[in-house]
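Lettering of chains follows the sequences in order, A, B, ..., and the numbering in each one begins at 1.
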Amino acid sequence: MFALADGNNFYASCERVFQPKLEGQPIVVLSNNDGCVVARSEEAKALGIAMGVPEFQIRDQIRKDGIRVFSSNYTLYGDMSNRMMTVLSSMAPAHEIYSIDECFLDFTGISEPEKHASLTRDKTKQWTGIPVTIGIGETKVLAKAANRLAKIHRREFGVLQLTAENREQWLAQLPIDKVWGIGRAHSARLIARGIKTALDFAFHDKGEVRKSMGVVGERMVWELQGVSCLGLEEIQPNKKQIICAKSFGHPLCKLSEIEEALACYTDRVGEKLRAQGSVCGAMQVFLETNAHRKDHRQYCPQVTTTIPEATSYSPALIATALGLLRKIWKPGFLYKKVGVGLLELTETVQTDLFAHVANPVAKSRIQEVVDKLEGRVRWGSMGFDEDWKLKAERRSNRWTTELTELPIVRA
DNA sequence: TCTGGGGTCCTAGGACCC
DNA sequence: TCTGGGGTCCTAGGACCC
């Protein structure tokens, strides 16, 4: 038995925890660079604000309807996520953190699953301030479906269990495109063939599904029928690639500015790489112009190289990245984004037979010290101006992680 | 003027091996 | 004239997730 718990309108709910006066008000949270809407409170959804819509397109409505707008505050959301996961995981023998706001729980052997889920929900709300919805089913896909259905039909309870008895009745109410694993492309094809609901899909011919959707599709059908194919993954495996790519606050054309941004992004992926104890054996760097500007010349080059002696040492990574950038950068374009990807991550270094003798121990000691200083020193190539920095003009305080931004209570 | 970021898995096809 | 069988590795592209 699986349960899936997820935070309702997670980012918007995080904003409310430390600003309770926002309760009942329409809230939206914007993507990086204050670009698009990535989270909405129920009130904002009711006003017709669509997911993913660019902020500038709804500026009039924001003013007219008094919608509160926030830049994304990932420091806060990450910390709130940790708190939420701590409470959720305490309510089951095993769990899998699936995303920043979702967690699968092992509910096997729990005698009254719905009651236990309600308890879990109350506790999470009380201890963290985050409202959650919990779906329960015999497979992960069914738990996901139950969660979805609870949001639509059981908002006041926030809990729903699919059982062998009520399953078909509920699945008939779930549109096919809301099934976990069925995206835009597949749902369009399925609807064209008359498969409109999760129930239709659950009874669709498996051979045919296998042919058109591969093994992934067939697994979905089995799972909808109550046969578990996807297990709980309690330990999250190391990342196979780590990417950092961000739009600039304004378009850049000078190589030197882009170099500084890229050096910063590379240092960041390096940190993540070391955090999981890996080294990287290949790297990709790419540049993008603004695809929305049809009147501008477009240029989106990308280059990949192998790193003969896999490393996690930031200066080495940065040197490689800057070398790749210089290969693809051309003057005369307005660049909007630069990105770096670390690929071929492993946990062991194959030393280069023909390389000069370096001193890897000394390098890692330097890196250790720099990591310990947590951003108080920086590599020279990262620069100091950060003119390219992305916009975050309406970010709320980092209430839980910065001493200078703690909430103040007057009593 | 302004349009996000970061991942995974699967499949098909080509190149190559014995 | 006839032209096998079994396998691996890599890459690109598609589809999906949050």
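The main-chain N or O of A/Leu30 is found under 3.5 Å from a side-chain atom of A/Ser72 such that the two form a donor-acceptor pair. Under a 3.5 Å cut-off, the side chain of A/Arg167 and the backbone N or O of A/Gln225 do form a donor-acceptor pair. Looking only at distances, no side-chain donor or acceptor of A/Glu260 sits under 3.5 Å from a matching main-chain atom of A/Gly383.
Salt-bridge annotation for A/Arg193 and A/Glu208: present, with a side-chain N of the basic residue lying under 4.0 Å from a carboxylate O of the acidic one.
A/Asp34 comes within contact range of no nucleotide atom at all, as no heavy-atom separation falls under 4.0 Å. Within the 4.0 angstrom heavy-atom criterion, only backbone atoms of the sugar-phosphate kind lie near A/Val179; the bases stay farther away. A/Asn32 comes within 4.0 angstrom of sugar-phosphate atoms only, judged by non-hydrogen atoms across all strands, and of no base. Within 4.0 Å (heavy atoms only), A/Ile100 reaches no atom of the nucleic acid at all.
Bounding nucleotides for the chain A contact on DNA chain B, 5' to 3', at a heavy-atom distance below 4.0 Å, are B/dC2 to B/dT11.
Against DNA chain C, the stretch residues 180-213 of chain A makes heavy-atom approaches under 4.0 Å through A/Trp180, A/Gly181, A/Ile182, A/Gly183, A/Arg184, A/Ala185, A/His186, A/Arg189. Annotation: proximity of residues 40-59 of chain A to DNA chain B (heavy atom, distance under 4.0 Å) is found for A/Pro54, A/Phe56, A/Arg59, numbered in ascending order. Within residues 281-299 of chain A, the residues approached by DNA chain B to less than 4.0 Å at the level of any non-hydrogen atom are A/Asn290, A/His292, A/Arg293, in residue-number order.
Taking both residues in full, the closest heavy atoms of A/Lys151 and A/Asp6 are given as NZ-OD2, 2.8 Å, listed atom of the first, atom of the second, then distance. In terms of heavy atoms, A/Asn290 sits closest to A/Gln298 at O-NE2, 2.8 Å.
Comparing C/dG4 with B/dC17, their C1' atoms are spaced 15 Å from each other, to the whole Å.
A stem is defined here as three or more consecutive Watson-Crick or G-U pairs, each with both distances under 3.5 Å; for DNA chain C these stems are B:5-18 with C:5-18.
Side-chain contact annotation: A/Asn8 with A/Ser13, donor-acceptor N/O pair under 3.5 Å absent. Using a 3.5 Å distance cut-off with no hydrogens or angles, the side chains of A/Asn9 and A/Glu42 do pair a donor with an acceptor. No side-chain donor-acceptor contact under 3.5 Å links A/Gln236 and A/Tyr98.
Aromatic ring orientation, A/Trp180 versus A/Phe104: tilted (interplanar angle from 30° to 60°). Taking the six-membered ring where tryptophan is involved, the planes of A/Tyr335 and A/Phe333 are tilted, since the angle between them lies from 30° to 60°. Under the 30°/60° scheme for interplanar angles, the aromatic rings of A/Trp170 and A/His153 are found to be tilted.
For the pair A/Lys272 and A/Lys391, both in contact range of DNA chain B, the more 5′-proximal nearest nucleotide belongs to A/Lys391. Ranked by how close their nearest DNA chain B nucleotide is to the 5' end, A/Gln241 and A/Pro251 are led by A/Pro251.
Heavy-atom contacts from other residues, nucleotides or ligands closer than 6.0 Å to CZ of A/Arg155 number 12 or fewer. Within a 6.0 Å sphere centred on NZ of A/Lys254, other residues, nucleotides and ligands contribute 12 heavy atoms or fewer.
In this structure, A/Arg121 fails the cation-pi test against A/Phe157, since its NZ or CZ atom is not both closer than 6.0 Å to the six-membered ring centre and inside 45 degrees of the ring normal.
Qualifying side-chain hydrogen bond (donor to acceptor under 3.5 Å, both in side chains) partners for A/Asp205, counting only residues two or more places apart in sequence or in other chains: none.
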